[in-house]
2 protein chains.
Amino acid sequence: MSSPVHSRRDLPLLDAPPVERADAARNRQALLVAARELIDSCGVDAVTMENVAARAGVGKGTVFRRFESREGLMGAILNFSETEWQAAVISGPPPLGPGAPPLDRLLAFGRSRLDTTLLHADLIRAAGTAGSRAAAAYSFSVMHVRYLLAELGVTGDLPLLATALLSPMEVLVLDHQVNLDGLSVDRIHDGWVDLARRIVAGG
Amino acid sequence: MSSPVHSRRDLPLLDAPPVERADAARNRQALLVAARELIDSCGVDAVTMENVAARAGVGKGTVFRRFESREGLMGAILNFSETEWQAAVISGPPPLGPGAPPLDRLLAFGRSRLDTTLLHADLIRAAGTAGSRAAAAYSFSVMHVRYLLAELGVTGDLPLLATALLSPMEVLVLDHQVNLDGLSVDRIHDGWVDLARRIVAGG
DNA sequence: GGCTAAACGGACCCCGGTCCGGTTTCTATT
DNA sequence: AATAGAAACCGGACCGGGGTCCGTTTAGCC
């Protein structure tokens, strides 16, 4: 059935992606680069699956095989940008990073997340479900806020309280407030700080 | 230039919709009915602009002229369902309607909004921007919560606090919690009550 | 070099959205 | 009441883009 000697590929070791073929990996890179360039030069709307494919010199089918859907592609690009931010939260300088008191960290997190969301608004919107939530970014935020709340001695259903702090930062909500209600970013931020204060003070 | 006697149509009286022609109104009705039937029998996904048009016995262009877009059509249908709910909030029996203490009303509002959102989840999602927000439904909710908060003596940026209470009820958030995180509706509700408590207690 | 599993590509389908020439409704006028 | 004219409406051909499919090619392994 099989030889007594196994090459390294024989044990999947439970790695979810069972290794990607070289050409596949090359194309994935090329596609990400092509998409990024398109976004930078012509905006998110110019990112057509056919455009991206053509620019990367591959067929349309390949884009879908690598990224599942347009949203998936956007999600992948977004993830790249967000990783940087996550690093700043995990190991950057205080007060966003570790080293400052929990409350300072929480407030810094709020401001930072607010700015980042607005900065990537187009991308997040285009990434749909794979955008703010589901993707790594969201789980990470929940985890982090939850941790800070615990650190602050807040008791209760922490995951839900974290959601309460995070959901007002959803693109949809922010978009509405900024573009339709005409609220300033500063005011929104102040509101969020107040919300955090009330939640923390609640014990 | 014009006769000294004016028929009633001569003064627009600032009515936004300058009156709809009879056939147009008839088609609008027919289209709404057709769409509703399609949703009830085959689900939201079966609501194709062409399907709806065919079932209503009109051309595709007509659907777009009446409802602007698919999202617009969904929004129109949704609005219909939501009107009922709004009536219950404004003038229904307590504690949801008037007559109960503000806190009771607020909590009843939370539960009711939660259930309603989940009930119409498909529709709200399909209505996109015209769904939970922008549409009448959203502004109404903000206004109502704001009013109840004022009644409860809460001070601060009331519109933002209202948003803080409303944004955890967005379909996107709820969907994620229920379908991905596997949270029960009751737990989400309890969490919301706790959130309301903290916000009100904050003064 | 030969074999298999995976990747490739582009033709194809479906649906949302646009457009414009023909038709219907409404009002004013006789 | 009949009619003329214009504004509004109608329909369906048309377009672009997301997503699927399958016959063909290629990378990786023996």
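Heavy atoms only: backbone and side chains are in, while hydrogens, waters and symmetry mates are out. Quick note on labels: first sequence line is chain A, next is B, and so on, each numbered from 1. In this text, all values refer to a predicted model and were calculated from it rather than measured experimentally.
Salt bridge Arg111(B)/Asp186(B): present, at least one basic N to carboxylate O contact under 4.0 Å. Salt-bridge formation is not detected for the pair Arg26(B)/Glu20(B): no Lys NZ or Arg NE/NH1/NH2 atom is positioned less than 4.0 Å from an Asp or Glu carboxylate oxygen. In this structure, Asp190(B) does not pair ionically with Arg187(B), as no charged nitrogen and carboxylate oxygen lie closer than 4.0 Å.
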Let me check something: any side-chain donor-acceptor pairs from residues 164-175 of chain B under 3.5 Å, sequence neighbours excluded? List them with distances.
residue	atom	partner	partner atom	Å
Ser167(B)	OG	Ser167(A)	OG	3.4
Ser167(B)	OG	Thr163(B)	O	3.0
Glu170(B)	OE1	Ser132(B)	OG	3.2
Glu170(B)	OE2	Arg133(B)	NH2	2.3
Asp175(B)	OD1	Arg125(B)	NH2	3.4
Asp175(B)	OD2	Arg125(B)	NE	3.0
Asp175(B)	OD2	Arg125(B)	NH2	3.1

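Contacts between residues 47-76 of chain A and DNA chain D, counted as heavy-atom distances below 4.0 Å, involve Val47(A), Thr48(A), Met49(A), Lys60(A), Phe64(A), Ser69(A), Arg70(A). Near DNA chain D, defined here as any heavy-atom distance below 4.0 Å, the residues from residues 21-39 of chain B are Arg21(B), Asp23(B), Ala24(B), Asn27(B), listed numerically.
Residues satisfying the ring pair (Phe, Tyr, Trp, His ring centres under 6.0 Å) test with Trp85(B), not counting sequence neighbours, are Phe109(B), Phe140(B). With sequence neighbours left out, His120(A) forms a ring pair (Phe, Tyr, Trp, His ring centres under 6.0 Å) with no residue at all.
For residues 48-77 of chain A, there are no ring pair (Phe, Tyr, Trp, His ring centres under 6.0 Å) pairs, not counting sequence neighbours.
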